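Not measured: the values here are computed from a predicted model. For the single chain, residues carry numbers from 1 onward in sequence order.
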Amino acid sequence: MATHVSEAPTLQKTPLHALHQAQGGKMVAFAGYDMPVQYASGVLKEHLHTRAGAGLFDVSHMGQIALRPKSGNVRDAALALERLVPQDIVAVASGRQRYAQFTNAAGGILDDLMVVNLSDHLFLVVNGACKAADEAHLREHLSEVCTIEVLADRALVALQGPKAASVLAKICPEAPAMRFMDAGAQRVRIAGDTVDCLVSRSGYTGEDGFEISIPATQVEDVVSVLLDDPDVMAVGLGARDSLRLEAGLCLYGHDIDATTTPVEAALEWSVQKSRRNGGVRAGGFPGADVILPQFEQGAPRRRVGLRPEGRAPVREGALLFADASSVDPIGAVTSGGFGPSLNAPIAMGYLPVSHAATGGLVFANVRGQRLPLRVCAMPFVPHNYKR
């Protein structure tokens, strides 16, 4: 009898795939794409260079979606989107952006995203692994009010670090005047050509920096110019992960998912008072009956920072215990590794509120041993955003 051998799914490639290979990128599967986890210099150097200079990341695997109001009034698109997220989208001014989450009926997070007001429409950036589901979610719930357009012809790169503004200013003179979370159309000038980009002063490293949406046909030209700058280094997924962990930022599918609420995830800051109980547009989003009471009553568990007391890193999935001998776990690590900026291991995870106070001691099970971890405040490394 013939045996059917299923082939591994073909990985998609970003418009910068050839450049990654030319740069010596070590490619791995990530969110359905063939992506560089590191380059020849290695994760440690890439991480530290981003903290000192400017790191360039390909994040083209992420989804870019235009939400266009059929009425022509962007407020209608904002009100429609508020039916799916607990954030105040109406209050996002033109040329500004806001961090948000799609929630489900149980109050869990379906995905986290960025929402930009571009005057006549909203521009969304969603996670690569969730983008097909997010598109379907938007079409199911908002199609009567909005046209949902997937911008598949655009690439996305992030330029992050204290020298990002001075580097980008050479080809985009308006960039240094932008504030953290500003976003808008900018003309990037390279080799006599003008490239129409969408630039936001944001990112996911904790550093000052920019995310730049570029036509896919022109992204290699723009990136090549940036990489020619001595202050810029190509950076892969490995350092992107260690940078965001040091910054105390969540990774979807690890630190937040469909079973975690924004309050459990310590993301209360992202939900404005207007959407909370007593606010002008309180509730009206999936899971509001679960999430909103947690603002007053608290959540049963909490995402916390953890500092292993030894030198051994504690990885994702490690179970957490109240003491060195108890049998029943009280939580788990959701992200963990080595923090190059701190020269020490760091982690984050969920604990019941009874054990989530800063300074408390818990124990992780690592290869049969109980290792002590101190509950600590986040971020582990201070943010350096341009306010």
Side-chain angles (χ1 to χ4, degrees), residues 8-64 125-132 150-161 163-164 167-168 170-172 188 190-191 193 195 197-200 202-205 207 209-245 251-253 337 340:
T10 303
L11 293 175
Q12 298 183 70
K13 297 176 180 177
T14 76
L16 290 170
H17 190 268
L19 186 143
H20 297 316
Q21 292 183 313
Q23 291 276 328
K26 179 183 177 183
M27 310 302 286
V28 298
F30 182 79
Y33 282 79
D34 196 29
M35 297 287 288
V37 67
Q38 66 178 71
Y39 298 89
S41 52
V43 172
L44 180 64
K45 286 185 178 178
E46 292 170 21
H47 178 114
L48 295 175
H49 185 91
T50 303
R51 291 274 186 246
L56 187 67
F57 306 76
D58 180 12
V59 287
S60 301
H61 63 291
M62 300 183 80
Q64 301 181 67
V125 178
V126 301
N127 282 299
C130 303
K131 63 184 178 183
V150 175
L151 305 176
D153 60 346
R154 298 191 73 83
L156 189 67
V157 300
L159 184 68
Q160 300 284 294
K163 295 185 179 179
V167 167
L168 191 56
K170 297 171 186 176
I171 58 172
C172 183
V188 170
I190 53 166
D193 293 329
V195 182
C197 298
L198 176 63
V199 180
S200 65
S202 59
Y204 225 60
T205 61
E207 292 295 333
F210 302 84
E211 292 196 330
I212 312 162
S213 174
I214 308 169
T217 54
Q218 296 171 289
V219 65
E220 192 167 326
D221 295 335
V222 175
V223 166
S224 294
V225 169
L226 291 171
L227 287 175
D228 282 342
D229 193 301
D231 286 331
V232 179
M233 175 181 284
V235 182
L237 294 170
R240 179 174 166 83
D241 192 51
S242 57
L243 288 158
R244 69 92 197 164
L245 177 55
L251 178 63
Y252 189 79

Problem - Side-chain heavy atoms of Phe57 within contact of Leu243, under 4.5 Å - result: yes
Handout entry: Residue pair His20 / Tyr39, side-chain donor-acceptor N/O under 3.5 Å
Key = yes
Completion exercise
Here the gap from Ile190 atom CD1 to Ile171 atom CD1, rounded to the nearest 0.5 Å, amounts to 7.0 Å
Practice task
Answer yes or no: is there a side-chain heavy-atom contact under 4.5 Å between Leu168 and Val199?
Solution key: yes
Practice task
Determine the interplanar angle of the Phe30 and His61 rings, folded into 0 to 90°, and report it as parallel if under 30°, tilted if 30 to 60°, perpendicular if over 60°.
Solution key: perpendicular
Handout entry: Salt bridge present between Lys13 and Asp34 (N-O < 4.0 angstrom)
Key = no
Practice task
Without swapping roles, check the side chain of Arg244 against the backbone of Tyr204 for a donor-acceptor pair under 3.5 Å.
Solution key: no
Exercise for the section: Find the distance between NZ (Lys45) and OG1 (Thr50) and round it off to the nearest 0.5 Å. Expected result: 14.0 Å
Problem - Glu211 side chain to Val157 backbone, donor-acceptor under 3.5 Å - result: no
Problem - Donor-acceptor contact present, side-chain Ser242 to main-chain Ala239, <3.5 Å - result: yes
Practice task
Any chance you could lay out the side chain to side chain contact (heavy atoms under 4.5 Å, CB included) test for Val223 and Leu227, step after step, and finish with the verdict?
Solution key: CA-CA 6 Å; Val223 166; Leu227 287 175; 3.8 Å; yes
Exercise for the section: Begin from the C-alpha positions of Leu56 and Val235 and carry the test side chain to side chain contact (heavy atoms under 4.5 Å, CB included) through to its verdict. Expected result: CA-CA 6 Å; Leu56 187 67; Val235 182; over 6 Å; no
Practice task
Going by the side chain to side chain donor-acceptor pair (under 3.5 Å) test, name the single residue among Gln160, His47, Arg51 that passes it with Thr205.
Solution key: Gln160
Handout entry: Check: Ser60 side chain, Leu156 main-chain N or O, donor-acceptor pair, under 3.5 Å
Key = yes
Practice task
Measure the spacing between NZ of Lys163 and CG of Asp229 and express it to the nearest 0.5 Å.
Solution key: 9.0 Å
